[in-house]
Amino acid sequence: MPDINTILFYIFAFLIVSFSFIVVFAKNIIYSAVSLFVTLFGTAALYILLRADFLAITQVMVYIGGILILLIFGIMMTTRITDSEIKTTNLSSVPAVFVSAGVFVILIIVLLTTKWNINPPVENDVTVNRIGNLLLTTYLLPFEIASVVLLIALMGAAMYARKK
Amino acid sequence: MIFIFSNMVSLDYFLTLSIILFSIGVIGVLIRRNAIIIFMSIELMLNSVNLSLISFSSFMGDSQGQILVFFVMAVAAAEAAVGLAIIIALFRNKETINIDEINILKW
């Protein structure tokens with residue numbers, strides 16, 4: 001009898017993989033966006049299984065609340081939903097599958113041949129305190145630079161998307 | 001924290017899932033010709049890398065990997081805003097977001 005952790009992992013892994021296939025292969029672009037929603041939510045659930053509670057919440061807020069809404073705005077502004085996309089030429093899909101399978105095999109080999117340095121995980125551990133401490137001590141400069149990057153991206157995006 | 005699952009799934013499972021997600025993202029970038037779908041595939045790949053970083057961090061008992069994920073998310077948000085703005089500007093100029101037709105830099 002597998003424990004609850006393993007069962008949850010398999011459920012979410014199945015959800016993530018199947019819906020990410022839909023993201024990539026769906027004809028209708030709106031289906032892709034909605035499947036991306038499920039994929040991101042499943043990943044957030046796996047973050048909770050990995051005891052990264054703060055990042056799970058951040059994932060839901062940043063990816064689902066921000067990026068996905070932005071993506072759907074982009075879809076609405078650039079495509080007519082009733083159109084189906086012209087199918088990709090078969091010319092590029094066979095090499096693409098080879099490249100992707102190559103990436104997969106190389107990464108699996110790396111995974112199998114590396115000896116990972118694993119410590120026993122800490123029980124009932126809350127990561128928010130430690131993340132907050134690290135962000136305001138060791139990683140203070142990258143934190144501030146990230147805020148500047150976000151500001152510049154905001155201004156750049158507004159400038160590009162504006163009508164000339 | 002409420003989640004008191006005593007024994008965790010092993011690290012290899014999470015890394016394998018992350019590898020599968022990354023490969024699906026690579027296929028998406030290579031075979032789709034819609035700029036927004038390519039964009040979503042890039043988000044998938046970013047997500048798989050985040051998953052592997054978090055599993056490393058969690059299995060080492062070290063929070064620094066989660067800080068890295070935090071920065072990846074910030075940069076992904078910036079990238080999403082700028083990328084979609086560029087796609088919208090392209091659509092305004094060329095009336096298409098099929099990247100086979102956006103070849104004005106190619107001679």
Side-chain angles (χ1 to χ4, degrees), chain A residues 3-6 9 13 16-17 20-21 23-24 29 32 36 43 46-48 50-53 55 58 62 66-67 70 74-75 77-78 85 88 92-93 96-97 99-100 103-104 107-108 111 116-119 121-122 124 126-127 130-131 134-135 139 142 146 149-150 153-154 156-157 160-161, chain B residues 1 3-5 7-9 11-17 19-24 26-28 30-34 36-37 39-41 43-44 47 50-51 54-55 57-61 63-64 66-67 69-71 73-78 80-82 84-89 91 97-98:
Chain A
D3 63 323
I4 180 88
N5 248 346
T6 317
F9 174 80
I16 290 172
V17 171
S20 59
F21 264 106
V23 171
V24 170
I29 189 165
S32 293
L36 190 65
T43 323
L46 285 186
Y47 292 176
I48 291 177
L50 284 166
R51 298 195 176 81
D53 43 356
L55 282 171
T58 316
V62 173
I67 294 180
L70 214 59
I75 293 170
M77 289 170 85
T78 53
E85 195 198 352
T88 331
S92 69
S93 75
V97 170
V99 169
S100 173
V103 168
F104 181 79
L107 289 175
I108 288 285
L111 168 63
W116 305 112
N117 180 16
I118 296 176
N119 296 336
V122 190
N124 294 338
V126 181
T127 56
R130 281 192 279 128
I131 288 180
L134 280 173
L135 272 184
Y139 294 97
V149 165
L150 282 174
L154 187 71
Y160 270 122
Chain B
M1 201 179 156
F3 300 94
I4 319 169
F5 301 135
N7 51 342
M8 292 171 78
V9 188
L11 176 62
D12 293 354
Y13 287 37
F14 285 100
L15 290 183
T16 312
L17 175 64
I19 291 171
I20 293 172
L21 264 185
F22 192 86
S23 309
I24 295 174
V26 170
I27 291 188
L30 291 177
I31 72 172
R32 296 306 295 261
R33 284 292 161 268
N34 186 323
I36 291 184
I37 296 202
F39 198 79
M40 289 185 201
S41 307
E43 296 294 335
L44 269 185
N47 223 27
N50 280 353
L51 182 62
I54 289 187
S55 42
S57 143
S58 166
F59 278 91
M60 274 194 64
S63 290
Q64 310 216 6
Q66 304 196 7
I67 305 281
V69 174
F70 195 71
F71 289 127
M73 280 182 183
V75 174
V82 175
L84 281 169
I86 290 175
I87 289 174
I88 287 171
F91 184 75
I97 52 169
N98 183 337

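Per chain, numbering begins at 1; letters A, B, ... match sequence-line order.
By the ring-ring contact (aromatic ring centres under 6.0 Å, His included) test, A:Phe9 is found to be paired with B:Tyr13, B:Phe14, residues two or more places apart in sequence or in another chain being considered.
Residue contact with chain A, scored on non-hydrogen atoms closer than 4.5 Å, involves the backbone and the side chain of B:Thr16 alike. Only the side chain of B:Ile67 has a heavy atom closer than 4.5 Å to any heavy atom of chain A. In this structure, chain B has heavy atoms under 4.5 Å from both the backbone and the side chain of A:Leu135. Using a 4.5 Å cut-off between heavy atoms, B:Leu84 contacts chain A through its side chain alone, with no backbone atom that close. Proximity to chain A is limited to the side chain of B:Ser41, based on heavy atoms less than 4.5 angstrom apart. Heavy atoms of A:Ala13 lying under 4.5 Å from chain B belong to its backbone as well as its side chain. Proximity to chain A (any heavy atom under 4.5 Å) is restricted, for B:Leu11, to the side chain, taken from C-beta onward. In this structure, the portion of A:Leu111 lying under 4.5 Å from any heavy atom of chain B is its side chain and not its backbone. Looking at B:Ile20, the atoms closer than 4.5 Å to chain A (heavy atoms on both sides) sit in the backbone and in the side chain alike. Residue contact with chain A, scored on non-hydrogen atoms closer than 4.5 Å, involves the side chain of B:Leu17 exclusively.
Atom OG1 of A:Thr127 is separated from atom CD of B:Gln66 by 5.0 Å, given to the nearest 0.5 angstrom. Rounded to the nearest 0.5 angstrom, A:Leu46 CG and B:Ser58 OG are separated by 11.5 Å. In this structure, OH in A:Tyr139 is found 8.0 Å from CZ in B:Phe71, a value given to the nearest 0.5 Å. From B:Asn50, atom CG reaches atom OG1 of A:Thr43 across 9.0 Å, with rounding to the nearest 0.5 Å. The structure places CG of B:Asn34 at 7.0 Å from OG1 of A:Thr78, a figure rounded to the nearest 0.5 Å.
Counting only heavy atoms from C-beta outward, the side chains of B:Leu21 and A:Ile16 approach each other to under 4.5 Å. At a threshold of 4.5 Å between non-hydrogen side-chain atoms, the residues A:Phe104 and B:Val26 do not count as touching. Side-chain contact between A:Tyr160 and B:Ile88 is absent, with no heavy-atom pair separated by less than 4.5 Å. No side-chain heavy atom of B:Ile37 sits under 4.5 Å from any side-chain heavy atom of A:Val24. Within the 4.5 Å cutoff, the side chain of A:Leu134 has heavy atoms near those of the B:Ser63 side chain.
Across B:Met73 and A:Tyr47, no two heavy atoms sit closer than the pair CE-CE1, 4.2 Å. In terms of heavy-atom proximity, A:Ala52 sits nearest to B:Ile54 at CB-CG2, 3.7 Å.
Each of B:Asp12, B:Ile27, B:Val82 has some count of heavy-atom pairs under 4.5 Å with chain A, and the biggest count is that of B:Ile27. The most heavy-atom pairs under 4.5 Å with chain B, out of A:Val62, A:Ile67, A:Thr6, come from A:Ile67. In terms of heavy-atom pairs under 4.5 Å with chain B, the best-connected choice from A:Leu55, A:Val149, A:Leu36, A:Val17 is A:Leu55. Interface check for chain B: of the options A:Gly66, A:Ala146, A:Ala153, the most heavy-atom pairs under 4.5 Å are formed by A:Ala153. Here A:Leu70 is the residue among A:Val97, A:Leu70, A:Val103 with the most heavy-atom pairs under 4.5 Å with chain B. Between chain B and the residues A:Ala157, A:Ser32, A:Gly74, A:Ser100, the largest count of heavy-atom pairs under 4.5 Å involves A:Ser100.
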